[in-house]
Asks: 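Quick one: the structure is below, questions incoming.
Basis for what follows: all heavy atoms, side chains included, without hydrogens, waters or symmetry-related copies.
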Amino acid sequence: MTAADSAPDGHRGIEQRRREALDRLARDIDTWVATADADGEPTLVPLTFWWDGATVWLATRYTNPTGRNLRASGRVRLCFGHTRDVVLIHGTARTLTHEELPAGVGDAFTAKDGWDPRGSGPSYVWFQVTPEVIQAWGTVPEMADRDLMRDGKWLDRGD
């Protein structure tokens, strides 16, 4: 079920949107990653990701703008889906080297897409993004209650 399968008024309930958001995180391969430097200059790039059920894992070079911005501020926004069925995550990122990567993360990341950043050289580092806010909406009627998570906690019906 997607936004197109919603109620006649175009509104899906929070539980449906949460299920669909989690499904998107499990099956999608790429996400748009938005960061900014200290001067506020934005950077927006697509990156492969892996969702471990609680956090999003990314890998990129520590020397490119996205890597530099993530290391400097730790602030990131991730966007999944398309404009009529979007999942948006506002989160904080922590940087890990290949040696600091928890067991199983690299293999799970590689299994999802087929690309293994561990073989792409030492300039690649990992970023573990912890969601603080997760939003999902597909149509205007869903905008008012688009928050699924606030302050790192899933919202229940009626929040």
Side-chain angles (χ1 to χ4, degrees), residues 1-35 42-61 64 66-67 69-70 74-96 98 100-120 124-157 159:
M1 200 172 234
T2 65
D5 302 317
S6 59
D9 68 354
H11 188 272
R12 297 170 293 167
I14 190 170
E15 295 303 321
Q16 179 183 347
R17 285 183 291 116
R18 180 178 171 175
R19 279 191 315 274
E20 292 172 7
L22 290 170
D23 180 60
R24 179 171 295 288
L25 291 169
R27 71 177 154 77
D28 283 9
I29 294 172
D30 299 314
T31 183
W32 286 101
V33 179
T35 62
T43 298
L44 179 66
V45 298
L47 292 178
T48 296
F49 77 95
W50 175 63
W51 169 253
D52 67 9
T55 61
V56 176
W57 290 88
L58 307 168
T60 192
R61 290 183 181 95
N64 68 24
T66 298
N69 295 345
L70 287 170
R75 303 294 304 145
V76 63
R77 289 192 181 171
L78 307 174
C79 187
F80 307 82
H82 53 83
T83 57
R84 292 280 177 159
D85 191 12
V86 67
V87 175
L88 185 66
I89 293 179
H90 306 251
T92 56
R94 108 179 148 114
T95 307
L96 297 98
H98 296 310
E100 297 168 321
L101 198 62
V105 170
D107 291 341
F109 186 97
T110 301
K112 185 170 185 186
D113 179 55
W115 172 60
D116 189 346
R118 296 169 295 184
S120 294
Y124 276 84
V125 293
W126 298 83
F127 296 96
Q128 181 183 26
V129 177
T130 301
E132 294 171 359
V133 174
I134 298 180
Q135 300 174 319
W137 69 92
T139 59
V140 172
E142 295 178 350
M143 293 292 291
D145 64 344
R146 64 184 166 247
D147 289 354
L148 302 178
M149 175 186 283
R150 272 190 242 125
D151 300 321
K153 296 187 183 355
W154 291 101
L155 302 177
D156 293 324
R157 203 177 312 203
D159 282 350

Asks: Compare every heavy atom of P131 with every heavy atom of I89, then report the nearest pair and how far apart it is.
Replies: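 Heavy atoms of I89 and P131 come nearest at CG2-CB, 3.8 Å.
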Asks: Check whether D52 reaches the backbone of A54 with its side chain - one donor and one acceptor, N or O, closer than 3.5 Å.
Replies: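 Looks like yes, one N/O pair under 3.5 Å.
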Asks: Salt-bridge test for E132 and R75: reply yes if a basic N is under 4.0 Å from a carboxylate O, no otherwise.
Replies: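 Yes, E132 and R75 are salt-bridged.
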Asks: Would you say R150's side chain and V133's backbone share a donor-acceptor pair under 3.5 angstrom?
Replies: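 A pair under 3.5 Å: no.
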Asks: Name all residues meeting the side chain to side chain contact (heavy atoms under 4.5 Å, CB included) criterion together with V45; count only those two or more places apart in sequence or in a different chain, and write none if there are none.
Replies: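 Counting only residues at least two positions away or on another chain, V45 forms a side chain to side chain contact (heavy atoms under 4.5 Å, CB included) with V33, T43, L47, T66.
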Asks: Under a 3.5 Å distance rule, please check whether R24 uses its side chain to pair with a backbone N or O of A21 as donor and acceptor.
Replies: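 Looks like no, no N/O pair under 3.5 Å.
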Asks: Given side chains that start at C-beta, do those of I134 and V87 come closer than 4.5 Å, heavy atoms only?
Replies: yes
Asks: Going by an N to O cut-off under 4.0 Å, is there a salt bridge joining R19 and D23?
Replies: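 No, R19 and D23 are not salt-bridged.
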Asks: Does the ring centre of Y124 sit less than 6.0 Å away from the ring centre of W115?
Replies: yes
Asks: Indicate whether the side chain of W50 and that of T110 have a donor and an acceptor atom separated by less than 3.5 Å.
Replies: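 Distance-only check fails for W50 and T110.
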Asks: Applying salt bridge (charged side-chain N to carboxylate O under 4.0 Å, His left out) as the test, list every pair that has at least one member in residues 108-117; sequence neighbours left out.
Replies: D116-R118
Asks: With heavy-atom distances below 4.5 Å as the criterion, would you say the side chains of T130 and V56 are in contact?
Replies: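 The answer is no, as the side chains (C-beta and beyond) never meet within the 4.5 Å cut-off.
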Asks: Is any side-chain heavy atom of Q135 closer than 4.5 Å to a side-chain heavy atom of W137?
Replies: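 Yes, their side chains come closer than 4.5 Å.
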Asks: At their closest point, which heavy atom of T48 faces which heavy atom of L58, and how far apart are they?
Replies: O-CD2, 3.8 Å
Asks: For W32 versus P46, what's the shortest heavy-atom pair and its separation?
Replies: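 In terms of heavy atoms, the two residues are closest at CZ3-CD, 3.4 Å.
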Asks: With heavy-atom distances below 4.5 Å as the criterion, would you say the side chains of V129 and L78 are in contact?
Replies: yes
Asks: Before we go on, tell me: are the rings of F49 and F80 under 6.0 Å apart, centre to centre?
Replies: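 Here the rings of F80 and F49 have centres that are less than 6.0 Å from each other.
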